[in-house]
Amino acid sequence: TAFLAVWVGGDRLFLRRVDALVKATNRLANGDLSARTQLHYGQGELSYLARAFDQMAESLDQQVTELKEAKDKVQQHLQQLRALRNIDMAITASLDIRVTLNVILDQVVTQLGVDAASVLRFNSHMQLIEYTAGRGFRGNSIMHSRLHLGEGVAGLAALEQRTISVPNLLDSDFIRHDLVVDEDFIAYYAVPLIAKGQVKGVLEIFHRTPLDPDLDWLEFLETLAGQTAIAIDNAGLFSNLQRSNLDLSLAYDSTLEGWSRALDLRDKETEGHSQRVTEMTVHLAQRMDILEEELAQIKRGALLHDIGKMGIPDAILLKPGPLDDEEWEIMRQHPDYAYKLLSPITFLRPALDIPYCHHEKWDGSGYPRGLKGKEIPLAARIFAVVDVWDALSSDRPYRDSWPAEKVLTHIQKLSGSHFDPQVIEVFLKIDDGWKPAHHHKSDEIQS
Ligand code: C2E
Ligand code: SIN
Ligand code: SIN
Ligand code: FE
Ligand code: FE
């Protein structure tokens, strides 16, 4: 026992050390990587053991921390990839640059963890960078951003095509002072948006506390700026395309007017017949609540309504008297000729209703297909009234013009048989002012 007492007494220290080691081991086993023996290492096996334990715990702790950091990074990169994918989808799906930029700025603000971001777009005509989209701003001070190249930090970033950061806006002479005061921004980045070597604008980052970004953050900022530049470049391509489409239809339309004048000439029509019936048809169509976008097609169709007469020989077209049965057979084919001529032209296909259907009659007795009532396209029902009005008011190779009263009575009488009664109703309500006077060739020669 004495020996035991001595052993126990002398080695109370030993037991405490064992106890500490056991406790630390348990903590470690339970996942507490900060567990250490807290022993002052001395000599002997136990100290040896304690030191070894602490070193092991230390290195385990470090490895796990590194692993966690690596895992966080992977997760962050995954999120960044997802963000880029969202941006890609927005660029492909949306043709409205503002929508795309809003998607991008959402990602910029969340992925970079900043308070606000804006895009200033370069306007090459004005040589200015101007506010286009923003996220995270409290007021609308940012919307007034309009800087010359080289002006302010953003202007300088655009001019010199380099990223510029301002760690503390309060210490700088930031040109848009309102932004600093009203929005309490501290940190700022201006990243030039460059696509195909050209400046498209500037991406701006604002934060209300100091920013201390790592390399990863900066790289992702540049990547997002690259995506933004691509989005703006794409949108530019699209609106240029839209513009050249517009140019093209303007060019087409003046070609059509040329064609229709040539047609009138051959038809020995009174000067400006086609222009005149076109204007009247558009006028009447507007009162019949035709959609604005259909008016352009109606206009083209009216201008070309008798293009099918190109297929009618002079001997028939210009015959000074009534047509015989065989001649009528040929004359009645002019709407079919129009269909054959125009339908292969994509641009004119939607304008076909009038050239193809202007001789159909409400009661089904017209040609070429004998369509009835609303089977006849509305545009053609409208045009038919105007065409007959103008034809009867004009001299023809086969007869002189009719007096206005006679024309009007005649047209009224044909409501419900030749013409759509609703169109006639609107036609009769319109002031006589817009209707043309008589068109005698002799009048025109005199005038
Ligand atoms: P257009 O001369 O431009 O006539 C267009 C439409 O106006 C005619 O379609 C008809 O609905 C009406 N219209 C024109 N003139 C008269 C008329 O004197 N009396 C009456 N009641 N309606 C008239 P439609 O009948 O299908 O004729 C189509 C085209 O055939 C005419 O275009 C014209 O180029 C030709 N055409 C018609 N009748 C004669 C004719 O007697 N002699 C000759 N040479 N050509 C004719
Ligand atoms: C149209 O295509 O012109 C309209 C058809 C209709 O209302 O009958
Ligand atoms: C016109 O007078 O030019 C139109 C008559 C028709 O289409 O036959
Ligand atoms: Fe015709
Ligand atoms: Fe005509």
Side-chain angles (χ1 to χ4, degrees), residues 259-278 280-281 298 300-342 351-371 376-377 379-420 423-424 427 435-436 438-441:
W259 282 9
S260 96
R261 268 194 297 275
L263 293 173
D264 284 356
L265 274 177
R266 161 145 198 268
D267 215 349
K268 299 272 192 293
E269 291 271 15
T270 47
E271 174 82 22
H273 159 73
S274 290
Q275 279 287 345
R276 204 164 52 236
V277 292
T278 300
M280 290 165 69
T281 303
I298 288 180
R300 291 172 192 139
L303 276 173
L304 299 178
H305 70 277
D306 266 341
I307 193 168
K309 282 186 181 169
M310 301 243 299
I312 309 299
D314 277 354
I316 299 173
L317 186 71
L318 306 179
K319 187 178 177 185
L323 305 176
D324 63 29
D325 287 354
E326 200 186 332
E327 290 165 337
W328 253 118
E329 190 65 32
I330 294 167
M331 177 55 84
R332 283 159 60 100
Q333 286 178 31
H334 79 273
D336 279 318
Y337 289 148
Y339 184 85
K340 287 187 184 114
L341 267 168
L342 298 182
L352 254 174
D353 281 352
I354 291 175
Y356 190 32
C357 309
H358 70 283
H359 287 297
E360 301 287 357
K361 293 184 181 176
W362 184 251
D363 62 8
S365 67
Y367 60 93
R369 288 180 290 170
L371 299 180
I376 308 164
R381 280 182 267 144
I382 294 172
F383 177 82
V385 178
V386 175
D387 189 36
V388 172
W389 168 275
D390 196 80
L392 291 173
S393 305
S394 308
D395 290 330
R396 283 284 185 269
Y398 54 94
R399 58 147 177 80
D400 286 337
S401 67
W402 290 10
E405 279 310 307
K406 190 178 169 190
V407 177
L408 192 64
T409 327
H410 179 74
I411 285 186
Q412 255 173 311
K413 222 167 50 201
L414 295 179
S415 173
S417 55
H418 188 157
F419 303 121
D420 176 351
V423 176
I424 294 297
F427 179 81
K435 289 175 191 162
H438 271 60
H439 304 284
H440 303 280
K441 284 182 183 157

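For the single chain, residues carry numbers from 1 onward in sequence order. No experiment lies behind these values; they were computed from the predicted model shown. Atoms within each ligand, like the ligands themselves, are counted from 1 in listed order.
Donor-acceptor pairing under 3.5 Å is recorded for the side chains of Ser274 and Asp264.
Heavy atoms only, all atoms of each residue included: Ala379 and Asp353 are closest at CB-CB, 4.4 Å. What you find for Val423 and Arg381 is that their closest heavy atoms are CG1-O, 4.0 Å. When all heavy atoms are compared, the tightest approach of His358 to His334 is NE2-NE2, 3.4 Å.
The distance from ligand 1 to the heavy atoms of Gly321 drops below 4.0 Å at these ligand atoms: 40 (C), 41 (O), 42 (N), 43 (C), 44 (N). With ligand atoms numbered from 1 in the order given, ligand 1 contributes 7 (O), 11 (O), 12 (C) to contacts under 4.0 Å with heavy atoms of Val388. Proximity to Trp402 (heavy-atom distance under 4.0 Å) selects the following atoms of ligand 1: 19 (N). The contact set between ligand 1 and Ala391, taken as ligand atoms under 4.0 Å from a residue heavy atom, comprises 3 (O), 4 (O), 5 (C), 7 (O), 14 (C). The contact set between ligand 1 and Tyr367, taken as ligand atoms under 4.0 Å from a residue heavy atom, comprises 24 (P), 26 (O), 27 (O), 28 (C). Near Ile316, meaning under 4.0 Å from one of its heavy atoms, ligand 1 places the atoms 44 (N).
Residue contacts with ligand 1, taken as heavy atom pairs separated by less than 4.0 Å, involve Arg396 solely via side-chain atoms from C-beta onward. At a 4.0 Å heavy-atom cut-off, ligand 1 touches Trp328 through the side chain alone.
Tyr367 and His359 have parallel rings, their planes meeting at less than 30° on a 0 to 90° scale where 60° marks the start of perpendicular.
Ligand 1 lies less than 4.0 angstrom from a heavy atom belonging to Pro322. Taking 4.0 Å as the cut-off, His410 counts as a neighbour of ligand 1 on heavy-atom distance. Under the 4.0 angstrom criterion for non-hydrogen atoms, Lys309 is in contact with ligand 1.
For a threshold of 3.5 Å applied to N or O pairs, the pair formed by Tyr398 and ligand 1 contains at least one separation below that value. Checking only distances, Asp387 never comes within under 3.5 Å of ligand 1, N or O to N or O.
Rounded to 10°, the angle formed at the Fe ion (ligand 4) by His334 NE2 and His358 NE2 is 100°. With the Fe ion (ligand 4) at the apex, His359 NE2 and Asp306 OD1 define an angle of roughly 170° (rounded to 10 degrees).
Atom CD of Glu329 has 12 or fewer heavy atoms from other residues, nucleotides or ligands within 6.0 Å.
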Anything under 3.5 Å between a donor and an acceptor, one on a side chain of residues 310-326, the other on a protein residue two or more places apart or in another chain? List them.
residue: Asp314; atom: OD1; partner: Arg266; partner atom: NE; Å: 3.1
residue: Asp314; atom: OD1; partner: Arg266; partner atom: NH2; Å: 2.9
residue: Lys319; atom: NZ; partner: Pro322; partner atom: O; Å: 2.9
residue: Lys319; atom: NZ; partner: Glu327; partner atom: OE1; Å: 2.7
residue: Lys319; atom: NZ; partner: Glu327; partner atom: OE2; Å: 3.4
residue: Asp324; atom: OD1; partner: Glu326; partner atom: N; Å: 3.1
residue: Asp324; atom: OD1; partner: Glu327; partner atom: N; Å: 2.8

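When the side-chain contact (heavy atoms from CB on, under 4.5 Å) test is applied to Ala351, the partners found at least two apart in sequence or on another chain are Gln297, Arg300.
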